[in-house]
Enquirer: 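Before we start, here is the structure in question, set down as structure tokens.
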Amino acid sequence: FDMFFLAFVERLFRPTFKKDDFVLGKKLGEGAFGVVYRVSLAKKSSSNKEGDLVLKKATEYGAVEIWMNERVRRACASSCADFVYGFLESSSKKGGEYWLIWRFEGESTLADLMQSKEFPYNVETMILGEVQDLPKGIERENRIIQTIMRQILFCLDSLHSTGIVHRDIKPQNIIFSEGSRTFKIIDLGAAADLRVGINYIPKEFLLDPRYAAPEQYIMSTQTPSAPSAPVATALSPVLWQMNLPDRFDIYSTGLIFLQMAFPSLRTDSSLIQFNRQLKRCDYDLVAWRRSLEPRASPDLRRGFELLDLDGGIGWELLTSMVRYKPRQRTSAKAALAHPYFDREGLLALSFMQ
Ligand code: ADP
Ligand code: MG
């Protein structure tokens with residue numbers, strides 16, 4: 001009861017909006033299920049700068065996405081883009097579309113930043129505050145990549161602890177928040193909340209094949225189709241334990257780690273080729289490495305060298321994330337406690353003081 005009451009009161013004091021309140025700006029993205037714009041409020045009040053909001057006009061999955069964003073705001077707000085409001089806009093089209101509003105977090109996604117030749121140095125001052133006093137080289141790159149990985153895993157851990165699996169983790173869905181100077185997760189359009197059975201049936205066609213784990217279906221195909229909500233609530237912690245659906249996101253995050261370590265794997269075509277190679281190696285990264293290393297390009301060799309720093313803890317973490325069986329993959333929480341992050345943690349502490 002308390003939770004519902006609080007949610008109701010919170011809702012009451014939050015601003016509500018309608019279609020005419022927004023002035024459309026630049027288009028930021030267009031997918032199969034919606035279009036995203038930078039927008040500003042028509043009536044310029046003092047607190048609203050131009051274009052400081054983001055609007056997604058979504059089709060059939062908009063209702064679920066609003067639900068997920070409301071839940072995230074209450075349970076783990078700092079992990080995702082700051083959600084403002086969502087509503088059904090029914091005046092223009094028959095059937096209507098869902099409008100979702102967020103704060104504009106910043107100009108760049110991790111995908112944008114990774115496209116730069118400068119990566120990861122172009123992120124260094126953004127997340128570490130100042131340039132480290134280390135010569136340019138793999139050690140310094142590794143520290144920046146550690147910080148990015150820690151921030152993504154932190155967001156994932158809180159999403160997973162809330163009972164939400166994102167299912168579309170990729171650099172395009174990780175935004176750099178200029179306000180908090182950290183990376184945050186966006187786009188809950190394919191997410192599933194297993195604790196209450198929302199979007200329980202896996203929509204495999206929503207999954208991005210470039211970053212999807214091999215199991216495709218997040219829940220075992222043995223799992224019966226969506227039970228009614230109360231049944232799902234009673235069952236889902238058990239199902240969660242049995243199927244470990246959160247490990248789907250871990251696999252995708254492992255691929256991001258891989259792309260950060262190996263510049264040559266950052267393009268779509270090279271990632272697709274990597275996926276084919278890994279499949280041929282029965283999803284065994286160690287076998288993939290063995291098959292490549294003898295005739296590896298300087299770029300690949302450099303990536304292995306980076307992951308091999310400090311006794312190979314980076315490589316160890318990577319191989320614990322990218323595994324065929326979900327059960328054998330690490331969780332977000334366990335990954336955060338991995339020795340790979342030890343030194344980085346100390347650095348972050350000294351930066352905060
Ligand atoms: P899609 O369903 O089209 O993938 P997303 O939610 O991923 O929709 O948004 C598309 C793009 O819009 C993102 O890749 C990002 O560039 C931008 N974007 C989305 N939300 C925000 C936000 N809160 N702040 C800044 N940019 C955003
Ligand atoms: Mg997206």
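Scope of the values below: all heavy atoms of this structure, side chains included, with no hydrogens, waters or symmetry mates. Ligands are counted one by one from 1 in listed order, and the atoms in each one are counted from 1 as well.
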Enquirer: Run the numbers on Arg140 and Glu124 for salt bridge (Lys or Arg N to Asp or Glu O under 4.0 Å), then give the verdict.
Expert: CA-CA 9 Å; Arg140 187 159 143 196; Glu124 186 170 41; 2.9 Å; yes
Enquirer: Are any protein N/O atoms closer than 3.5 Å to the N/O atoms of ligand 1? If there are, list each pair with names and the distance to one decimal place.
Expert:
from: ligand 1; atom 1: 2 (O); to: Lys56; atom 2: NZ; distance (Å): 3.2
from: ligand 1; atom 1: 2 (O); to: Asp187; atom 2: OD2; distance (Å): 3.4
from: ligand 1; atom 1: 4 (O); to: Asp187; atom 2: OD2; distance (Å): 2.9
from: ligand 1; atom 1: 6 (O); to: Lys56; atom 2: NZ; distance (Å): 3.1
from: ligand 1; atom 1: 7 (O); to: Asn173; atom 2: OD1; distance (Å): 3.0
from: ligand 1; atom 1: 7 (O); to: Asp187; atom 2: OD2; distance (Å): 3.0
from: ligand 1; atom 1: 8 (O); to: Lys56; atom 2: NZ; distance (Å): 3.2
from: ligand 1; atom 1: 14 (O); to: Gln172; atom 2: O; distance (Å): 3.2
from: ligand 1; atom 1: 23 (N); to: Arg103; atom 2: O; distance (Å): 2.9
from: ligand 1; atom 1: 24 (N); to: Glu105; atom 2: N; distance (Å): 2.9

Enquirer: Within this structure, what is the CE-CG distance for the pair Met149 and Asn142, rounded to the nearest 0.5 Å?
Expert: 11.0 Å
Enquirer: Kindly say whether Phe341 contributes a backbone atom to a donor-acceptor pair with the side chain of Gln146 at under 3.5 angstrom?
Expert: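 Judged by distance alone, no pair lies under 3.5 Å.
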Enquirer: Apply salt bridge (Lys or Arg N to Asp or Glu O under 4.0 Å) to Asp299 and Arg302, showing your working.
Expert: CA-CA 5 Å; Asp299 167 85; Arg302 202 165 179 280; over 6 Å; no
Enquirer: Taking atom types as modelled, find out whether Thr109 and Asp112 have a side-chain donor-acceptor pair closer than 3.5 angstrom.
Expert: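 Present: a donor and an acceptor within the cut-off.
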Enquirer: Protein N/O/S atoms under 2.8 Å of the Mg ion (ligand 2)?
Expert: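 Short answer, with waters excluded from the count: Asn173 OD1, Asp187 OD2.
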Enquirer: Could you tell me the separation between the CG atom of Asp157 and the CD1 atom of Ile250, rounded to the nearest 0.5 Å?
Expert: 8.5 Å
Enquirer: Stepwise, does the side chain to side chain contact (heavy atoms under 4.5 Å, CB included) test hold for Asn173 with Asp208?
Expert: CA-CA 11 Å; Asn173 285 340; Asp208 188 320; over 6 Å; no
Enquirer: Under 3.5 Å, is there a donor-acceptor pair between the Trp102 and Asn69 side chains?
Expert: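 Trp102 vs Asn69: donor-acceptor pair found between side chains.
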Enquirer: Please give me the minimum heavy-atom distance between Phe87 and Ile66, naming the atom from each residue.
Expert: N-CD1, 3.7 Å
